[in-house]
Every structure is written in structure tokens, then in C-alpha cells.
Protein chains: 2
Amino acid sequence: MKKTRNTQKQDFVIDILTNAKHTMSVEAILKAMPIKVNKTTVYRILERFAEKGKVHFVTGEDGKAYYALCNDCNIKHEMHNHIHFQCKSCKKVTCLPYEIDVPELKNFEIQETQFLMIGICDMCIS
Amino acid sequence: MKKTRNTQKQDFVIDILTNAKHTMSVEAILKAMPIKVNKTTVYRILERFAEKGKVHFVTGEDGKAYYALCNDCNIKHEMHNHIHFQCKSCKKVTCLPYEIDVPELKNFEIQETQFLMIGICDMCIS
DNA sequence: GTATTATTGCAACATTGTTGCTTTAGTGTA
DNA sequence: TACACTAAAGCAACAATGTTGCAATAATAC
Ligand SMILES: [Mn+2]
Ligand SMILES: [Mn+2]
Ligand SMILES: [Zn+2]
Ligand SMILES: [Zn+2]
């Protein structure tokens, strides 16, 4: 495997995601950066982290990618079979501690899963 | 509810989706049209169909929306709790006849679900 | 046939993400 | 510390998907 370097900007991304209560879009991560960083840089940092299994993402109903640290992820199976929830009101995407039993699919090779539920979150519900 | 009209272009979209073996992106639907149709028109036709429950869509890992007719959908609950599978090789998104049991989420109002599995489909597997 | 207005077309735009190339800076070695 | 190597970051231009406002068209009712 290729060598990697530790950089300030990578650390910032980790810090931001560590303190995040929800998953974050690239746009949100950029805004949370304490210094100015190019968006391409953030895209590539997240890409590297995703390859290493440090981070996972869900594609929201809006087509945007939302990133989260892989803390409690099912890394041993290299999947992230927990549910995500996207709120139609505040748009936030949350990782939920519910695992989904992945069915056996004859002749299909399952590599990843994205389980997304959509509705109104606990904070926005009146 | 507002009045609707029957148009040739709406019928074409229904025909195309009826004969489709997989879900279809707007781009694919446009290409399958027997006559030239504006993309905005297709977006709006699909939007109206989705509201009526004639059609549902999944957002692929690539962020694109993939549409399918609601034939066997769980329309009584206004949800589409079956699994979808996106192939990393041929990119096709397929509706699969597996239902997912949606967990009860205290203080969350679940309106829709999108369950996506990603990997290699039965046609692309060697 | 005429009026009404849902549907379509068009052009301009917004957003998200990608690519190729240059520049910067992290790391190991002398 | 100085230097070489090259991963990481910056930049600009681009691609792809989807959206908006308004004008033109055509389905339906009378
Ligand atoms: Mn998650
Ligand atoms: Mn489906
Ligand atoms: Zn919310
Ligand atoms: Zn395939």
C-alpha cells in the first residue's frame, strides 16, 4: 500500500466529523473549516478516508453525499448496514443505531449498503 | 385535487417504464422516447406521477434518480420498502422483491424509504 | 369553435462533483 | 539543517444533473 502523510487539513476534517452530531455534506465541512480550504481538497481527503474505512457516506434523497466517521460501523464486514434518516424539514442526515439484516441475493455480490429513511426527524417533529 | 390531462408524452413515459427491465434515469427515458421531448417535460411528468403514486424513484449511489413504475409497491402504506440494487459494473438499478421491515423510530415520522444495495449484479457477475 | 388552463418548450441558471495540471509541503536521509 | 522525493493541496475549467420563470402549445369543457 502507498505511503500517506499527516496533514493539518486532514486533521481538521477528522475533528469536524468527530464533533458532528449528524452526517455532513462537503459544503458543510468546508464551512466548518477553521481555515480556507479548496473544495477539491476536501473531496479528495474524504475519498482517501472512505477507502481506508475511516469514513462512510450515504447518498441523500437529494443526491448529495453525506459523510460520517466510521465509529460504530460494521467494519469487520466492510459494510455499513445501519440505517440513515434524512429529515425533509431540516435536511439533516443522521446515522441511526439500527442494523438491517441484509438478505442473501443469489448471484449478486453485495459490496455496500445504503439504507435511507426519509421523513421528519425528532428535532423537527412538533 | 387539480385536474389532469392525458397527453401523448405522458403515455410514452408510462410505456417506456412498463417495458423497462430496470429502473431508468431521466437521461435513459429521454433516449427511449420515440419523439423528441424536452428534459424539463420528463422531469415534470415524473414528478406528477410520483405524487400520484404511479412511479417511485431511488437515488443511486451516484446521486442520480432512477425511476420505476409502482406495480407491486407497498402503496397501501405509501412506501416502497423493497430493496434496490445498483451494479457498480453496468450501473443499472433494479427493484428487488425483498421487503425490509421498517423499525419503529420513536419521535421520527417515516414518510419514505430508500434501501439500496451496491455491488455486482447477476448479469455482470462472471 | 372558443375559452380555459394544464402541459410543454426553451433558455438561463444552480448545485454538486470531477479532471488535469501546477504548486506546496510532509517525510526520510545525509 | 539542507535536500530529494512525492503525497497532498490549489486552481481553473469542465461535466452532469436537476431547477426556474416565462412564453407557446394543446387537451378538455362548454
Ligand atoms: Mn452512517
Ligand atoms: Mn423500486
Ligand atoms: Zn429535522
Ligand atoms: Zn450489472
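Proteins get letters first, then strands, A, B, ... in listed order; numbering begins at 1 in each. Keep in mind that the numbers below use all heavy atoms, side chains included, and drop hydrogens, waters and symmetry copies.
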- N/O donor-acceptor pair under 3.5 Å between T41(B) side chain and V37(B) backbone: no
- Sub-3.5 Å donor-acceptor pair from the side chain of Q86(A) to the main-chain atoms of E61(A), do we have one?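 Side chain of Q86(A) to backbone of E61(A), a donor-acceptor pair under 3.5 Å: yes, one is there.
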Distance test, side-chain N/O of [X] to OP1/OP2 of [N], below 4.0 Å:
X: K9(A); N: dA9(D); answer: no
X: T40(B); N: dT19(D); answer: no
X: T41(B); N: dG9(C); answer: yes
X: T7(B); N: dA26(D); answer: no
X: K3(B); N: dA6(C); answer: no

- Query: DNA chain D: G63(B) or N6(B), which has the more 5' nearest nucleotide?
  - Reply: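 Per heavy-atom nearest nucleotide, the more 5' residue is G63(B).
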Checking only heavy atoms, does the side chain of [X] share a donor-acceptor pair with the base of [N] at less than 3.5 Å?
X: R44(B); N: dT7(C); result: no
X: R48(B); N: dT7(C); result: no
X: K39(A); N: dG17(C); result: yes

- Task: For S25(B), answer base if it contacts any base atom (sugar-phosphate contacts may also be present), sugar-phosphate if it contacts only those atoms, and nothing otherwise; contact means non-hydrogen atoms under 4.0 Å.
- Result: nothing
- Give the nucleotide from the list dA8(D), dG17(C), dC10(C) with an atom nearest to the side chain of Y43(A).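 Nearest nucleotide to the side chain: dG17(C).
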- Selected nucleotide, minimal atom distance to R5(A) side chain, candidates dT28(D), dC5(D), dG10(D): dC5(D)
Atom-pair distance ([atom1] on [X]; [atom2] on [N]), nearest Å:
X: D62(A); N: dT15(C); atom1: CG; atom2: P; value: 13 Å
X: N38(A); N: dC21(C); atom1: CG; atom2: P; value: 17 Å
X: E27(A); N: dG17(C); atom1: CD; atom2: P; value: 9 Å
X: I35(B); N: dG9(C); atom1: CD1; atom2: P; value: 7 Å
X: E47(B); N: dG18(D); atom1: CD; atom2: P; value: 12 Å
X: K64(A); N: dT17(D); atom1: NZ; atom2: C1'; value: 14 Å
X: F12(A); N: dA9(D); atom1: CZ; atom2: P; value: 11 Å
X: L30(A); N: dC11(D); atom1: CG; atom2: P; value: 13 Å

- Query: Less than 6.0 Å separating the ring centroids of F57(A) and Y66(A)?
  - Reply: no
- Query: Hey, would you say the H84(A) and H22(A) ring centroids sit under 6.0 Å apart?
  - Reply: no
- Message: Are the side chains of T94(B) and T23(B) in contact, using a 4.5 Å heavy-atom criterion?
- Response: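 When only atoms from C-beta onward are counted, T94(B) and T23(B) do not touch, as no gap falls below 4.5 Å.
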